[in-house]
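What follows is a short report on a single structure.
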Amino acid sequence: MKSLIDLRSDTVTRPTPAMRKAMSEAEVGDDVFGEDPTVNALQERVAQSLGKEAALFVPSGTMANQLAIKAHTQPGDEVIIEATSHPYNFEGGAGAVLSGIQFYCLKGGRGILDASQIEETIRPDDHHFPVTRLVCLENTHNRGGGAIYPIEKMAEIYRLAKSKGLLVHLDGARLWNASVAAGISPHEYGQWADSVSVCLSKGLGAPIGSLVAGSKIFIDRVHRFRKMFGGGMRQVGIIASAGLYALDHHIERLKEDHLNAKRLALGLKEITSVSIHPEHVETNIVIFDVSQTALTAPQLSEAMKRNSVLIHAFGKTQIRLVTHLDISKEDVETALKAFKKVLS
Ligand code: TLP
């Protein structure tokens, strides 16, 4: 049987044999009591790497973001966020349900906002208005095609937030991709946010797990809400060890994923009906438009599936491809051949 080339997401990776070995040997304890040594080691390591006092291990990136929003806000508060961001679009409306907040959405170029846009949105101190409490940023930006937040923009937004008494949360599900591609450490990015969420189960290739990091007081609140949301886990060192393994072995190699994403974009550019900007591909995500081709995005996705390549259709006209640990240079070449066959 021909093996599938799965470009739908970097969440599809399977743990490598070495990662599975690390998992099988993990020391464990009851993490709800704070007694899992492997989880504690992971939390300390991630907190330190982000320049934060503490971090908490949680099942998913969605839970990490939503716990941060919950811990930072009161019901009725307003959260400023980019209109195509993950917490606003792809977390099931959780901000409204779990925290009772409302989002104020701003449109950014490839997901990136300017401080001036945010400044205009901050509510005056008037009882007619909701209280503006939090700004959420996303680096890299998923729907922005893996765009890297320029660190100067993050710094400017953070300084504005501090001058107005606001908090900043960074959805850093793919922060290591940004870090490797821009040559900027997670610590440097971390200084421009009060809290940061990171995912081990995307480019880093762990099977499960995200963390949220911030001050000790903030993480204490997050811990309470994690219990409330049912996210307390027990002998979870088994999966935390996969995260530790990934931090040791899978960060530098993200460069290969970025190179493969660029190769995909440059190859697709050769298909004249495809609208793509290879220069926009900065990390492991490639988004392109097929409205000038004979197929809709879902039709293209079906046709590619028949050629053993899985891709993700966004609406009628956009396709997203994501490179990862299980995608080789040869897979990229095979996928490009299939695209050329299907689209010409
Ligand atoms: N993104 C997934 C899907 O949910 C769309 C993907 O395939 O890209 N923040 C960002 C920026 C994300 O891209 C994701 C996952 C999350 C948060 C949520 O992480 P999980 O899936 O662990 O809840």
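For ligands, and for the atoms within them, numbers begin at 1 and follow the listed sequence.
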min-distance protein heavy atom vs atom 15 (C) of ligand 1 -> Lys202 CE, 3.1 Å
Near Glu138, which atoms of ligand 1 are under 4.0 Å from a heavy atom of that residue?
-> 11 (C)
Phe288 ring center near His277 ring center (under 6.0 Å) | no
Compute the shortest N/O to N/O distance between Asn142 and ligand 1 and return yes if it is under 3.5 Å, no if not.
-> yes
Any donor-acceptor pair under 3.5 Å linking the side chain of Thr132 with the backbone of Ile122?
-> no
Structural part of Arg320 in contact with ligand 1, heavy atom criterion under 4.0 angstrom = side chain
Among Arg143, Glu91, His86, whose heavy atom sits nearest atom 4 (O) of ligand 1?
-> His86
For ligand 1, which atoms have a heavy atom of Gly61 less than 4.0 angstrom away?
-> 18 (C), 19 (O), 20 (P), 22 (O), 23 (O)
Quick one: which ligand 1 atoms are inside 4.0 Å of a heavy atom on Ser60?
-> 22 (O), 23 (O)
Partner of Leu175 under side-chain contact (heavy atoms from CB on, under 4.5 Å), picked from Leu170, Ile148, Ile184, is Leu170
Side chain or backbone of Val322 under 4.0 Å from ligand 1, or both, or neither, by non-hydrogen atoms?
-> neither
Proximal ligand 1 atoms for Thr62, defined as those under 4.0 Å from one of its heavy atoms | 18 (C), 19 (O), 20 (P), 23 (O)
Can you find a side-chain donor-acceptor pair between Asp331 and Thr334 that sits under 3.5 Å?
-> no
Ring centers of His86, Tyr88 separated by less than 6.0 Å = no
Which protein non-hydrogen atom lies closest to atom 9 (N) of ligand 1, naming both residue and atom, and how far is it?
-> Asp171 OD2, 2.7 Å
Do other residues, nucleotides or ligands put more than 12 heavy atoms under 6.0 Å from the CZ atom of Arg253?
-> yes
Taking atom 7 (O) of ligand 1 as the reference point, the nearest protein heavy atom with its distance = Ser9 OG, 2.7 Å
Please identify which atoms of ligand 1 are closer than 4.0 Å to at least one heavy atom of Arg174.
-> 6 (C), 8 (O), 12 (C), 13 (O)
Can you tell me if CD on Gln292 sees more than 12 non-hydrogen neighbours from other groups inside 6.0 Å?
-> no
Looking at Pro87 and Asp171, what are the two nearest heavy atoms and their distance?
-> CD-OD2, 3.8 Å
